Each structure stands twice: as structure tokens, then as C-alpha cells.
*Asks:* 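Dumping the structure here so I can ask a few things about it.
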Protein chains: 2
Amino acid sequence: MTSTLDTVFAALADPTRRAILSMLLEDDMAVTDVADPFEMSLAAISKHLTILTRAGLISQEKRGRVKWCKLEPDAMKGASVWMQGFGQFEPVNLDAFERFLEHHLDTAEEE
Amino acid sequence: MTSTLDTVFAALADPTRRAILSMLLEDDMAVTDVADPFEMSLAAISKHLTILTRAGLISQEKRGRVKWCKLEPDAMKGASVWMQGFGQFEPVNLDAFERFLEHHLDTAEEE
DNA sequence: GGTATATTCAACTATATGGTTGAGAATGAC
DNA sequence: GTCATTCTCAACCATATAGTTGAATATACC
């Protein structure tokens with residue numbers, strides 16, 4: 001939902017959640033099917049899905065008794081752009097990136 | 001030092017640590033100077049720097065009694081590439097970055 | 001209605017994080 | 001040697017995370 005840098009990076013910091021996102025690249029999945037390849041309980045997976053949803057990385061839609069999970073890759077955009085600002089050091093976009101940092105991302109979050 | 005996806009994403013999930021990395025874009029800094037703009041204690045900043053070091057995102061070198069912190073942007077490569085695997089968004093060139101700015105996509109806020 | 005399936009909630013444990021303060025170890029200045 | 005500076009360590013507190021199990025809810029099937 002929120003999709004701040006905080007929640008997105010935190011969500012991506014867990015290997016189970018990254019694996020879930022990879023699975024959802026293929027297709028939308030029901031919660032039970034997401035949980036299937038993992039050793040842990042369904043409740044644990046349900047919590048992971050909540051964290052991914054809060055970060056905006058997936059959406060969940062209930063149809064009948066089944067809750068479908070759908071990847072929302074756009075939620076990674078902000079984080080991806082933020083990181084790549086450190087990777088690509090052409091002087092051109094370095095300035096722009098620093099302005100971007102100052103005026104948009106970090107400040108917006110700490111207010 | 002390790003620079004796994006786990007440690008890198010976890011390190012990036014904190015706004016203080018992201019702010020520190022942004023500061024280090026300019027130049028290497030001593031721990032005291034890194035801590036200066038923040039409200040929190042020096043010890044707290046020292047812990048953040050430890051986490052950034054463990055993630056490989058910075059390196060620290062002691063010269064005299066001063067410990068210098070240096071940005072190591074290559075540590076973000078793995079994480080950056082991982083995210084681009086989801087990339088419906090192309091690697092950020094100036095183009096994509098400017099589009100991002102134009103739409104003043106305050107991705108840091110809701111969705 | 002009764003039962004099976006899908007998912008979450010509640011309560012609990014263990015561990016990590018983010019912060020504090022105060023003391024301690026190095027180093028540099030005089 | 002004395003004193004200040006730089007930085008970390010230790011102990012502590014509050015909160016969040018990652019997992020468990022068992023009960024509860026909601027829907028579908030017959």
C-alpha cells in the first residue's frame with residue numbers, strides 16, 4: 001500500500017519474501033499455493049504476504065474463499081532508481097540524483 | 001564485507017543509513033562528521049556504520065584516531081540487478097530518471 | 001445442515017533493531 | 001604526564017520480526 005523506501009527495502013531483505021516475488025513473476029497465485037514449496041507454516045507465509053502487501057510489492061484480491069496474490073513490480077521503481085543513482089556516476093545525473101534525494105525521497109519519508 | 005541481498009536490503013531499509021550513504025556521495029567522511037547532522041548519539045551512528053560496513057556498502061579505514069568512511073557503491077550492484085530482473089523498468093539512464101522526476105512520482109508516498 | 005477448504009487471528013517465544021547512557025581504549029596536542 | 005578528541009563497548013529498554021500452534025472465520029460442496 002505505502003511503498004516507501006523503508007517498507008520496500010525492508011520487505012526485500014528477507015529471502016522467503018524475495019522467493020515469493022520470484023514465484024509471482026510467473027503468474028498470480030493463491031496463498032496456499034504460494035506457501036506450498038516452503039517448509040514453514042501457512043500462517044508464517046500469510047504474514048510475509050502481509051508485509052509484501054504493506055510495501056506495495058504485491059496486491060491481494062479475494063475471490064470466493066481464495067485470496068489471489070499479484071506481483072506489483074512498479075513498487076520497486078523508487079527503490080531501484082534510488083540505488084542506481086549510486087551506481088552510475090556520470091557527472092550529469094549525479095547532480096540530478098542528489099537534488100532528487102534532497103527534495104523527494106528521503107525528506108518525504110521523514111516528515 | 002558480506003554484501004548479500006539480505007544484508008544490503010536490510011541496510012538500505014533505514015532512512016538514517018540511506019542519508020549517510022547520500023552524504024558519502026560527496027566525499028569520504030570521519031565518523032564524527034557523519035554523525036554531526038543527526039540528532040541521535042554518536043554511538044547510534046557508529047552502529048549504523050557497522051551495519052553499512054557489514055553489508056559492504058561502505059568501508060572504514062582508521063588513520064590516527066580518525067576512522068574514515070568511504071562509499072562502496074559496487075555493493076549495490078547485486079541488489080540492483082536483482083530488482084531489475086523484475087524490471088518492467090529498464091536500467092536507469094538519464095532518460096528514465098528524468099521521466100521519473102517529471103511525473104514527480106512521489107513514490108515515497110502512497111499508491 | 002454438516003463438513004472440508006482457505007486464510008487469518010491470537011497468544012506465545014526467540015531474536016534483532018534502534019535507540020539511550022556511561023565507561024573505556026586509542027590517539028593527538030601541549 | 002595530562003588532557004581533550006575520536007570512536008567503540010557494555011548494559012539496558014522498547015519495539016519489531018520470524019516463527020510456532022491452536023482456534024476462529026468465511027466460503028464452497030453435497
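Within every chain, numbering begins at 1; the chains are lettered A, B, ... in the order of the sequence lines, protein sequences first and strands thereafter. Note that this is a predicted model, so its numbers are computed, not measured.
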*Asks:* Can you pull out every salt bridge (Lys or Arg N to Asp or Glu O under 4.0 Å) where at least one residue sits in residues 55-70 of chain A? Sequence neighbours excluded, please.
*Replies:* A:Glu61-A:Arg63
*Asks:* Going by the salt bridge (Lys or Arg N to Asp or Glu O under 4.0 Å) test, which pairs reach into residues 13-26 of chain A, not counting sequence neighbours?
*Replies:* A:Arg18-B:Asp6
*Asks:* I'd like to check the side chain to side chain donor-acceptor pair (under 3.5 Å) partners of A:Thr32; sequence neighbours left out, ordered by chain and number.
*Replies:* none
*Asks:* Whole Å only: how far is the CZ atom of B:Arg54 from the C1' atom of C:dA16?
*Replies:* 10 Å
*Asks:* Just by protein heavy atoms under 4.0 Å, how would nucleotides 22-30 of chain C read 5' to 3' in B, S and -?
*Replies:* -----BS--
*Asks:* Applying side chain to side chain donor-acceptor pair (under 3.5 Å), can you list everything that pairs with B:Ser80, at least two apart in sequence or on another chain?
*Replies:* B:Gln84
*Asks:* List, by chain and number, the other hydrophobic cluster members for A:Trp68, where Ile, Leu, Val, Met, Phe, Trp and Tyr join if side-chain heavy atoms come within less than 4.5 Å, directly or indirectly.
*Replies:* A:Val66
*Asks:* Can you sort out which residues in residues 10-22 of chain A have a heavy atom within less than 4.0 Å of DNA chain D? Ascending by number, please.
*Replies:* A:Asp14, A:Arg17
*Asks:* Name the closest nucleotide to the B:Val66 side chain, picking from D:dT6, C:dT8, C:dG19.
*Replies:* D:dT6
*Asks:* Name the residue closer to the 5' end of DNA chain D, choosing between A:Met40 and B:Trp68 according to the nucleotide with the nearest heavy atom.
*Replies:* B:Trp68
*Asks:* Ignoring hydrogens and angles, write down the donor-acceptor pairs under 3.5 Å from the side chains of residues 33-41 of chain B, residues two or more places apart or on other chains.
*Replies:*
from, atom 1, to, atom 2, distance (Å)
B:Ser41, OG, B:Ala44, N, 3.1

*Asks:* Under the side chain to side chain contact (heavy atoms under 4.5 Å, CB included) test, which residues partner A:Ala13, sequence neighbours left out?
*Replies:* B:Phe9, B:Ala10
